[in-house]
**Q** 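Before anything else, here's the structure in question.
Worth knowing before you read on, the calculation uses all heavy atoms, side chains too, and leaves out hydrogens, waters and symmetry mates. Naming convention: chains lettered A, B, ... in sequence-line order (proteins, then strands); numbering from 1 in each chain.
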Amino acid sequence: MEIVMGETNSNFIHDVIDKDLAEGKVKEIHTRFPPEPNGYLHIGSAKAIWINASTAKKYGGKFNLRYDDTNPVKEDDEYVKSIEEDLRWLGMEPTGGIFYGSDYFDKCYEFAQKLIREGKAYVCDLSQEQMSEYRGTLTQPGKNSPYRDRSVEENLDLFKRMKDGEFADGSRTLRAKIDMSSPNINMRDPVIYRILHVNHHRHGNKWCIYPMYDFAHPIQDGLEGITHSLCSIEFENHRPLYDWVVENVGFEVSPHQYEFARLNMTYTVMSKRYLRKLVENKIVDGWDDPRMPTLCGLRRRGYTPTAILDFISRNGVSKNYSVADVRYLEYCVCEELNETTQRRVAILEPLKVVITNYPEDKTEMFETSNHPKKPEWGKRELAFTREIYIDRSDFMEEPVPGFIRLAPGKEVRLMSAYILKCNEVVHDENGNVTQLMCTVDLETGNNKPVDGRKVKGTIHWLSASNCEKCKIRIYNNLFNKENVATLLEEDTFEEFLSDDSLVEYTDCFVEPSLKDATPDERFQFVRTGYFVKDSKNDGVFNRTAPLKSSFKPE
RNA sequence: UGGGGUGUAGCCAAGUCGGUAAGGCACCAGACUUUGACUCUGGCAUUUCGUAGGUUCGAGUCCUGCCAUCCCAGCCA
């Protein structure tokens, strides 16, 4: 699937780049993905990764991975490892290198001093509450801090003492001197440095002042030679500040920020905050629960990087607020897995069938194809015996109109084997069907009926004495509400959790060979869906996605 | 009620200098089928591009007003 990595459809960002290149503003393209190591990557992150990486690739440029670790309060080394792992799993090599925003702290400090010297930044003693008051509101301008006009010398001294640890957390900040009456609140003398006596995962106690994102990010971009800084749309309001920093710090090539709409998906949440909540409240099994939209969750579920990227690519890049249909993602995996997986037989809900006209001690081997359209993938053998299992869903005692599977007195094809006829239904004392007494058309075997009669339905089966027991987990949407993102304000999304997001079948049977399957091998369980062995629990298969069915009763 | 975005079919999304609405998914109909899968064929915006006007021979594309919706008042990113 090289299409996803290489040629990307053109979009408004590429239009800008084409223009920049044509006008000679830039010579080569350099992008970056700047995750904060405070959680696991999800499919929305994958969109940002894909946009940045594929853009660089399209123009023969470079792509950096940069940990945006400027706030040690929220960040953890644990996440650094997972981010790189997920990035590589996606196949997105950081061709420009791997960097840490925190490695530029010295530079940030120098640039802050430069700003102070030029009268463009000052140390402010306002408390958090006061600063909020001074900031004004959306409709009212703010007012200048009383500390705004300190001398350069005093500011330099105070800033150094902030760095040296003389002041308590929150007691002072370094602010950019811009415009307290700007209609854009981000420009009302934004804080660019705060005091935080916190251990940094990478630099220990070297620093007790840390730059804010708005100050650090353009510097990181500028220092790395990033030409096009592609981020999501909520940073659009920050662009004037980004440009202010770039202009006032000054770089060889000025990076520019462009924003695209982040990825939302139906029936799930995408923000790290809520994903964390799902994990912490034990609503899911962890960040890698197969129901999670995290990359590790999707991986455990059996999704492939190519399918994820294909999905993102097909959805395109725009600035429209949108909610992508999770079924589209499903379509993308199925399309790939249909081509790439071998077929196997699994019975989710076994129903025993006794073939009365078949000898008890006989075992016959039937060949079945590993992929119906790829004969080069060969065949394998399935044992056939007097007692077999079929899936309960393939039998109806009182078939509804249009049901072409097994029913009393009806015939059906056993895939790759005989035609089966149901003669008798055995019930328990409660009236539940426990077993079927059937016969098989010995004459036709695995061929077309000799008398030319048509048998429409085909079902899968497994010899009761030649199968392996296992558990199968079926995953459905985590939420029962299509657009969960719109009601996150209330903080009560738990009420929209669906109760069937995980359905476990505990008495399933699969072909014996599946006993040795690994979590890296994906299969199509014939007529059922795509499955992969769970990486955490032995003897458990996860359903990646179901097969479509055009059967609609009534 | 300040500023910044966005509004093209059920979903995503193309629409260059204005010239007469790409594509994918979904859906519908049919063919094929020892997976009711896959594949194939056809259909699927023409009082139509949020809406109301305007300019023009001609407007999704230009102009004006209006409406809807998202983001911003962290010493988060």
Side-chain angles (χ1 to χ4, degrees), chain A residues 9-11 15 34-36 38 68-71 73-75 124 126-128 131-133 135-142 169-175 182-188 190-196 209-210 212-214 216-217 231-240 259 261 266 272-273 311 313-332 334-335 338-339 343 345 368-369 371-373 402-405 412-417 419 446-448 455-460 482 486 524-529 546-552:
Chain A
N9 292 325
S10 197
N11 57 53
D15 292 344
E36 183 183 19
N38 69 342
D68 201 351
D69 53 356
T70 56
N71 185 358
V73 176
K74 307 172 82 174
E75 295 145 11
C124 183
L126 251 27
S127 69
Q128 202 152 167
M131 199 180 289
S132 174
E133 281 172 40
R135 186 154 31 228
T137 67
L138 294 177
T139 52
Q140 291 171 307
D169 288 7
S171 61
R172 280 179 229 264
T173 57
L174 182 71
R175 296 227 254 164
S182 170
N184 182 340
I185 293 185
N186 294 312
M187 299 299 269
R188 319 239 263 230
V191 169
I192 57 177
Y193 257 100
R194 77 287 219 182
I195 302 172
L196 248 29
I209 56 170
Y210 293 95
M212 297 287 289
Y213 168 87
D214 283 321
H217 204 85
C231 64
S232 53
I233 218 145
E234 62 268 30
F235 291 102
E236 199 152 25
N237 295 327
H238 295 251
R239 193 169 66 221
E259 311 84 12
T266 53
K272 280 186 205 167
R273 184 178 156 215
F311 165 73
S313 159
R314 283 169 183 253
N315 270 300
V317 181
S318 78
K319 300 186 76 156
N320 303 352
Y321 171 84
S322 64
V323 185
D325 197 332
V326 69
R327 289 176 306 174
Y328 200 13
L329 207 213
E330 206 164 81
Y331 164 82
C332 290
C334 288
E335 189 190 49
N338 179 44
E339 289 298 316
R343 313 288 114 133
V345 177
T368 190
S369 164
H371 189 119
K373 303 227 168 145
F403 189 77
I404 57 173
R405 284 108 94 174
V412 81
R413 174 117 242 161
L414 290 175
M415 192 182 283
S416 304
I419 291 169
N446 183 25
N447 300 306
K448 301 263 186 228
V455 176
K456 199 159 166 63
T458 299
I459 67 173
H460 56 288
E482 184 168 283
T486 58
Q524 182 195 93
F525 287 174
V526 132
R527 298 208 315 127
T528 307
L547 245 32
K548 244 181 12 184
S549 171
S550 61
F551 175 54
K552 312 167 215 55

**Q** Between B:C72 and A:Asn184, is there an OP1 or OP2 to side-chain N/O distance shorter than 4.0 Å?
**A**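 So the side-chain polar atoms of A:Asn184 never come under 4.0 Å of the phosphate oxygens OP1 or OP2 of B:C72.
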
**Q** Sticking with atom C1', work out how far B:G3 lies from B:A73, rounded to a whole angstrom.
**A**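 Rounded to whole Å, the distance is 12 Å.
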
**Q** Would you say the side chain of A:Leu329 lies within less than 4.5 Å of the side chain of A:Arg314, judging by non-hydrogen atoms?
**A**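 They are not in contact (no side-chain heavy atoms under 4.5 Å apart), so the answer is no.
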
**Q** Whom does B:U51 pair with, Watson-Crick or G-U wobble, provided both distances fall under 3.5 Å?
**A**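 Its partner is B:G65 (Watson-Crick or G-U wobble, both distances under 3.5 Å).
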
**Q** State, with a plain yes or no, whether a side-chain heavy atom of A:Ile419 is found less than 4.5 Å away from one of A:Val412.
**A**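 SC-SC contact between A:Ile419 and A:Val412 ruled out.
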
**Q** Hey, which sits more toward the 5' end of RNA chain B by its nearest nucleotide, A:Asp325 or A:Thr139?
**A**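 Whichever sits nearer the 5' end wins; that is A:Thr139.
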
**Q** So which nucleotide from B:C72, B:A77, B:C76 ends up closest to the side chain of A:Thr70?
**A**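 Nucleotide nearest to A:Thr70's side chain: B:A77.
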
**Q** For the pair A:Lys319 and A:Glu236, find out whether any cationic side-chain nitrogen is under 4.0 Å from an anionic carboxylate oxygen.
**A**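 A salt bridge is present here (some side-chain N lies under 4.0 Å from a carboxylate O).
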
**Q** Quick one: are A:Met415 and A:Val345 in side-chain contact, heavy atoms under 4.5 Å?
**A**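 When only atoms from C-beta onward are counted, A:Val345 and A:Met415 do not touch, as no gap falls below 4.5 Å.
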
**Q** If only side-chain N and O atoms of A:Arg135 are considered, is one of them under 4.0 Å from the OP1 or OP2 phosphate oxygen of B:G74?
**A**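 So the side-chain polar atoms of A:Arg135 do come within 4.0 Å of the phosphate oxygens OP1 or OP2 of B:G74, strictly under.
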
**Q** Categorize A:Thr173 for me: base, sugar-phosphate, or nothing, with a 4.0 angstrom heavy-atom threshold over every strand shown.
**A**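 It contacts base atoms.
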
**Q** Tell me the partner of B:U20, counting only Watson-Crick (N1-N3 plus N6-O4 or O6-N4) or G-U wobble (N1-O2 and O6-N3) with both under 3.5 Å; none if nothing fits.
**A**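 In the structure as shown, B:U20 has no Watson-Crick or wobble partner.
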
**Q** Any side-chain heavy atom of A:Gln524 within less than 4.5 Å of one from A:Val526?
**A**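 The answer is yes, as the side chains (C-beta and beyond) meet within the 4.5 Å cut-off.
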
**Q** Please report the shortest heavy-atom distance between A:Val326 and A:Thr266, naming the atom on each side.
**A**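 That closest heavy-atom pairing would be N-OG1, 2.9 Å.
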
**Q** Answer with base, sugar-phosphate or nothing: what part of the nucleic acid does A:Lys74 contact at a heavy-atom distance below 4.0 Å?
**A**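 Answer is base: heavy atoms of A:Lys74 come under 4.0 Å of a base.
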
**Q** Taking pairing as Watson-Crick or G-U wobble with both contacts under 3.5 Å, can you name the mate of B:G74, or confirm there isn't one?
**A**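 Result: none.
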
**Q** Is the side chain of A:Glu335 donor-acceptor paired with the backbone N or O of A:Tyr331 at a distance under 3.5 Å, no angle test?
**A**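 Looks like no, no N/O pair under 3.5 Å.
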
**Q** Within the sub-3.5 Å range, which N or O atoms of nucleotides 32-37 of chain B have a protein N or O partner, and how far apart are they?
**A**
from, atom 1, to, atom 2, distance (Å)
B:U34, OP1, A:Lys448, NZ, 2.8
B:U34, O2, A:Ser416, N, 2.6
B:U34, N3, A:Arg413, NE, 3.4
B:U34, N3, A:Asn446, OD1, 2.3
B:U34, O4, A:Arg413, NH2, 3.3
B:U34, O4, A:Asn446, O, 2.2
B:U34, O4, A:Asn446, OD1, 2.2
B:U34, O4, A:Asn447, N, 3.1
B:U35, O2, A:Gln524, OE1, 3.0
B:U35, O2, A:Arg527, N, 2.9
B:U35, N3, A:Gln524, OE1, 2.6
B:U35, O4, A:Arg343, NH1, 2.4
B:G36, OP1, A:Arg527, NH1, 2.8
B:G36, O2', A:Ser550, N, 2.8
B:G36, O2', A:Ser550, OG, 2.6
B:G36, O2', A:Phe551, N, 3.4
B:G36, N7, A:Arg405, NH1, 2.8
B:G36, O6, A:Ile404, N, 2.9
B:G36, O6, A:Arg405, NH1, 3.1
B:G36, N1, A:Gly402, O, 2.8
B:G36, N1, A:Ile404, N, 3.4
B:G36, N2, A:Gly402, O, 3.0
B:A37, OP1, A:Ser550, OG, 3.0

**Q** Is A:Glu330 close to A:Pro546 at the side-chain level, that is, under 4.5 Å between some pair of heavy atoms?
**A**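 Yes, their side chains come closer than 4.5 Å.
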
**Q** In terms of base orientation, is B:G74 syn or anti, with the syn window spanning 90° either side of 0?
**A**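 You should classify B:G74 as syn.
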
**Q** Select one nucleotide: of B:C76, B:U8, B:G2, the one nearest the side-chain heavy atoms of A:Leu138.
**A**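 Of all the options, the side chain of A:Leu138 is nearest to B:G2.
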
**Q** Would you mind classifying the nucleic acid contact of A:Met131 as base, sugar-phosphate or nothing, using non-hydrogen atoms under 4.0 angstrom?
**A**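 Here A:Met131 touches the bases of the nucleic acid.
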
**Q** Have a look at A:Asp68 and say if it touches a base, only the backbone sugar-phosphate, or nothing, with a 4.0 Å heavy-atom cut-off.
**A**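 Result for A:Asp68 = sugar-phosphate.
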
**Q** If you assign each of A:Phe235 and A:Val317 to its closest nucleotide in RNA chain B, which residue comes earlier from the 5' end?
**A**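 So the residue in question is A:Val317.
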
**Q** Roughly how far apart, to the nearest Å, are B:U56 and B:G10 at atom C1'?
**A**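 It works out to 35 Å between them.
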
**Q** Give one of base, sugar-phosphate or nothing for A:His217, where a contact means two heavy atoms less than 4.0 Å apart.
**A**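 Touches nothing.
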
**Q** Please list, chain by chain and in numerical order, all residues satisfying ring-ring contact (aromatic ring centres under 6.0 Å, His included) with A:Tyr213, sequence neighbours excluded.
**A**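 Testing A:Tyr213 for ring-ring contact (aromatic ring centres under 6.0 Å, His included), a comparison that skips the adjacent residues, returns A:His217, A:Phe235.
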
**Q** At 4.0 Å (heavy atoms only), tell me whether A:Tyr331 reaches a base, stays on the sugar-phosphate, or touches nothing.
**A**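 Sugar-phosphate contact only.
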
**Q** Give A:Gln128 one of three labels, base, sugar-phosphate or nothing, depending on what nucleic acid heavy atoms sit under 4.0 Å from its own.
**A**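 It contacts base atoms.
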
**Q** Considering only atom C1', compute the distance from B:U41 to B:G5 and round it to an integer number of Å.
**A**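 Between the two C1' atoms, the distance is 43 Å.
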
**Q** Categorize A:Val455 for me: base, sugar-phosphate, or nothing, with a 4.0 angstrom heavy-atom threshold over every strand shown.
**A**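 Result for A:Val455 = nothing.
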
**Q** Phosphate oxygens OP1/OP2 of B:C75: is one of them under 4.0 Å from a side-chain N or O of A:Ser127?
**A**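 A:Ser127 to B:C75 OP1/OP2: no side-chain N or O under 4.0 Å.
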
**Q** Nearest whole angstrom, please: distance from the P of B:G2 to the CD1 of A:Ile185.
**A**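 The distance from CD1 of A:Ile185 to P of B:G2 comes to 13 Å, rounded to the nearest Å.
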
**Q** What does A:Leu126 touch in the nucleic acid at a heavy-atom separation under 4.0 angstrom: a base, only the sugar-phosphate, or nothing?
**A**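 Base: the residue A:Leu126, judged by heavy atoms under 4.0 Å, touches a nucleobase.
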
**Q** Separation of A:Arg327 atom CZ from B:C27 atom P, in whole Å?
**A**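 After rounding, the reported distance stands at 7 Å.
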
**Q** When you check the phosphate oxygens OP1 and OP2 of B:A77, does a side-chain N or O of A:Arg194 lie under 4.0 Å from one of them?
**A**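 Answer is yes, contact under 4.0 Å.
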
**Q** For B:A45 versus B:C40, give the span between their C1' atoms, rounded off to a whole number of Å.
**A**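 It works out to 26 Å between them.
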
